[in-house]
Amino acid sequence: MSEKANLTTVRERMLTEELARIRSTYSFRLGILLTDNIIRKPWKIPLLPFKFLALNIEFVRSRKKLTETQTTNKASLDKNCIFLIATIEEGISSPERVASIAHEWSTKQNAKIVIMSPVEGMHRMLPPKSIVFPINDPKKETKANRTNWNVRCENLIATLIDAHAPSHVIFDGPYPYRGVLNAMKYFQSPTWIWLRPDGIKSESIATRGASFDKIIDFQIQGEDQSLIQPALSLPEGDRKNILLFAPHYGDRGPVNLKIVDLVRKNLEGFKWKIAYPRHLDEDRSSEFRDHLKLARTLDQKTISTMGAAIVSPNIEMISCLMANNVPTLCVCKEPTDSVRIRMLQRMYPRIPLTIADEANMEQLDISIKAIIQSNEQMRRSSQPMTYNGLLDQLQI
């Protein structure tokens, strides 16, 4: 079968089902009845009342059958299976969230995890039994090929839902792809969830995502003393001198070389290791002499061993760091980047969190120096916030 034929298979299926849906509507059937009995065959007008009654009886029966079919489709879904769709527009943050959900879901009995991702090496971030299907990065496609990419995306989603019957499909990205929206039209039985931790800032994008059953953003709860956990008291050997370095965790841009230089300068004379996400391997400016490459950063066990962190204003990453009482510097590019992070500071005033403007070198220098030299004092005088896993926020 040719590539063109493959690309149109699912679209033809959607159009066929849409045509069948239109033909099954009451208005369409009534129109056919009136046209056939009044215009084409007027001698059948005396029988029209009886045919009209039969039409109504048949329509009620067909609607009941359709409802039963939809109920059967819902019942046939695998309640222990979820389908996760990761994106790459916001750097590694989406794949890491997807990996975090997968690890939480893997603790369920008979859990099954299906993932579609444009990230090479995504399997290294996931539980061993996860099923990963790669797809090309749409940003690397030319404008002429973008339509074909969406059709391939649509076809792959349809194939995976047909094969695995997941109860939930979770899309994590700044805006839903056309291929995802098309697939939703003819696979309505799973619960479709759009995960947007920072919320949706564009009204047009919000309108585009109105077809989802749920749109989940990260809810910051106020400080509740009954929920606050005592500060973690790890043995000294477990809280290592490791600096988590991910100042562009939530975007695809390169690391600011000035930040790299400031960190190197402030680490002189101190025995610290640098840990950064493995996806930064392509960026040679992030290389440090003594470093660790993390396959998965958004992980409680990994983060709990960190002595300090320099990260972008990513709400899940910072919340996870604050839950583990890790002194953290949040580097913001734009004033709007810090809105939710400052809200977190107001609600949890005792967390070890500092915010600095990327363009303010003096402020950055002072902040970096503080988390390296005074991280133990910051930790002792702080109190961690509570952090629910992503599955708790999704409520699935």
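Each residue takes its place number in the sequence, starting with 1.
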- Task: Might you work through the side-chain contact (heavy atoms from CB on, under 4.5 Å) test for V260 and F245, ending with a clear yes or no?
- Result: CA-CA 9 Å; V260 175; F245 185 72; 4.0 Å; yes

- So which heavy atom on L294 is nearest to which on A275, and how close? CD1-CB, 4.0 Å

- Task: Go through L244 and I274 one step at a time and tell me if the side-chain contact (heavy atoms from CB on, under 4.5 Å) criterion holds.
- Result: CA-CA 6 Å; L244 174 60; I274 296 292; over 6 Å; no

- Minimum side-chain heavy-atom gap M322-P352 below 4.5 Å: yes

- Query: Does the side chain of N150 come within less than 4.5 Å of V180's, by heavy atoms?
  - Reply: no

- Task: Mind running salt bridge (charged side-chain N to carboxylate O under 4.0 Å, His left out) on D217 and R196 for me, showing each step along the way?
- Result: CA-CA 5 Å; D217 64 349; R196 285 306 303 137; over 6 Å; no

- Item | Donor-acceptor under 3.5 Å (Q383 side chain, I351 main chain) | no

- Message: I want to check something: taking the side chain as every heavy atom from C-beta on, are T354 and M378 in contact at a cut-off of under 4.5 Å?
- Response: yes

- Sub-3.5 Å donor-acceptor pair from the side chain of Q345 to the main-chain atoms of L353, do we have one? yes

- Query: Does the side chain of L77 come within less than 4.5 Å of S189's, by heavy atoms?
  - Reply: yes

- Message: Give me the atom names and distance for the closest heavy-atom approach of V98 to A86.
- Response: CG2-CB, 3.8 Å

- Query: Does the pair R152/E141 count as a salt bridge with the N-to-O cut at 4.0 Å?
  - Reply: yes

- Message: Using ring centroids (six-membered ring only for Trp), state whether W149 and Y177 fall under 6.0 Å.
- Response: yes

- Task: Output yes when E154 and K185 qualify as a salt bridge under the 4.0 Å nitrogen-oxygen rule, no when they do not.
- Result: no

- Report yes or no: does R146 contribute a side-chain atom to a donor-acceptor pair with the main-chain N or O of P138 at less than 3.5 Å? yes

- More than 12 heavy atoms from other groups under 6.0 Å of NZ on K258: no

- Quick one: do Y249 and V339 end up in the same hydrophobic cluster if we chain Ile, Leu, Val, Met, Phe, Trp and Tyr together by side-chain heavy atoms under 4.5 Å apart? no

- Query: Taking atom CG of N314 and atom NE2 of H248, what is their separation to the nearest 0.5 Å?
  - Reply: 13.0 Å

- Message: Restricting to non-hydrogen atoms, name the atom on R350 and the atom on S381 that form the minimum distance, rounded to 0.1 Å.
- Response: NH2-O, 4.0 Å

- Item | H164 vs K112, side chain to side chain donor-acceptor pair (under 3.5 Å): CA-CA, chis, key distance, verdict | CA-CA 9 Å; H164 301 283; K112 186 176 182 180; 2.9 Å; yes

- Message: For a 4.5 angstrom cut-off between non-hydrogen side-chain atoms, does F218 reach S319?
- Response: yes

- Query: Is the distance between the ring centroids of H168 and F83 under 6.0 Å?
  - Reply: no

- Task: Check for a donor-acceptor pair, side chain of N80 on one end and backbone N or O of A111 on the other, with a separation under 3.5 Å.
- Result: no

- Message: Does R97 form a salt bridge (charged side-chain N to carboxylate O under 4.0 Å, His left out) with E316? I'd like the steps, not just the answer.
- Response: CA-CA 8 Å; R97 277 192 297 270; E316 309 84 35; 2.9 Å; yes

- Give a yes or no on whether the backbone of P127 and the side-chain of S106 come within a donor-acceptor separation of less than 3.5 Å. no

- Query: Donor-acceptor pair, D337 side chain versus K333 backbone, under 3.5 Å?
  - Reply: yes

- Do any N or O atoms from the side chain of N375 and from the backbone of I372 form a donor-acceptor pair under 3.5 angstrom? yes

- Return the minimal non-hydrogen interatomic distance between A99 and R296, and the atom names on each side. CB-CD, 3.7 Å

- Message: Please find the pair of heavy atoms, one from N325 and one from P384, that lie closest to each other, and give the distance.
- Response: OD1-N, 3.9 Å

- Message: For the CG atom of L391 and the CD atom of Q395, what is their distance to the nearest 0.5 Å?
- Response: 11.0 Å

- Check ion pair K265-D261 (N to O, under 4.0 angstrom): no

- Query: Hey, mind stepping through T142 and N145 against side chain to side chain donor-acceptor pair (under 3.5 Å) and telling me if it holds?
  - Reply: CA-CA 5 Å; T142 63; N145 289 332; 3.2 Å; yes

- Stepwise, does the side-chain contact (heavy atoms from CB on, under 4.5 Å) test hold for I115 with I131? CA-CA 6 Å; I115 292 174; I131 305 169; over 6 Å; no

- Item | Whether R208 side chain and P176 backbone form a donor-acceptor pair below 3.5 Å | yes

- Item | Side-chain touch E358/I259, heavy atoms, less than 4.5 angstrom | yes

- Message: Just so I know, are the side chains of T147 and K143 near enough to count as touching, which here means a heavy-atom distance under 4.5 Å?
- Response: no

- Stepwise side chain to side chain donor-acceptor pair (under 3.5 Å) check, Q363 with D357: CA-CA 7 Å; Q363 185 185 43; D357 181 0; over 6 Å; no

- Message: Please determine whether a side-chain nitrogen of the Lys or Arg among R380 and E376 lies less than 4.0 Å from a carboxylate oxygen of the Asp or Glu.
- Response: yes

- Is it possible for you to say whether I366 and I355 belong to one hydrophobic cluster, with membership spreading through side-chain heavy-atom contacts below 4.5 Å? no

- Query: Roughly how far apart are M361 CE and I368 CD1, rounded to 0.5 Å?
  - Reply: 8.0 Å

- Task: Verify side-chain contact (heavy atoms from CB on, under 4.5 Å) between L126 and V132, making sure each step is shown before the conclusion.
- Result: CA-CA 9 Å; L126 299 167; V132 185; 3.3 Å; yes

- Message: When you compare the side chain of N266 with that of W272, does any pair of heavy atoms fall below 4.5 Å?
- Response: no

- Item | Interatomic distance, I101 atom CD1 to L390 atom CG [nearest 0.5 angstrom] | 5.0 Å

- Applying side chain to side chain donor-acceptor pair (under 3.5 Å), run through S94 and D172 and close with a yes or a no. CA-CA 6 Å; S94 170; D172 186 318; 3.2 Å; yes

- What is the distance from atom CD of E104 to atom CD1 of I82, rounded to the nearest 0.5 Å? 9.5 Å

- Query: How long is the span from the OG1 atom in T87 to the OH atom in Y175, to the nearest 0.5 Å?
  - Reply: 8.0 Å

- Message: Show the nearest heavy-atom pair for residues S204 and S202, with the distance to one decimal.
- Response: OG-OG, 2.9 Å

- Query: Checking side-chain contact (heavy atoms from CB on, under 4.5 Å) against F212, which of T191, I193, L181, L195 comes through?
  - Reply: L181

- Item | P128 backbone acceptor or donor facing H123 side chain under 3.5 Å | no

- Query: Sub-3.5 Å donor-acceptor pair from the side chain of S374 to the main-chain atoms of I371, do we have one?
  - Reply: no

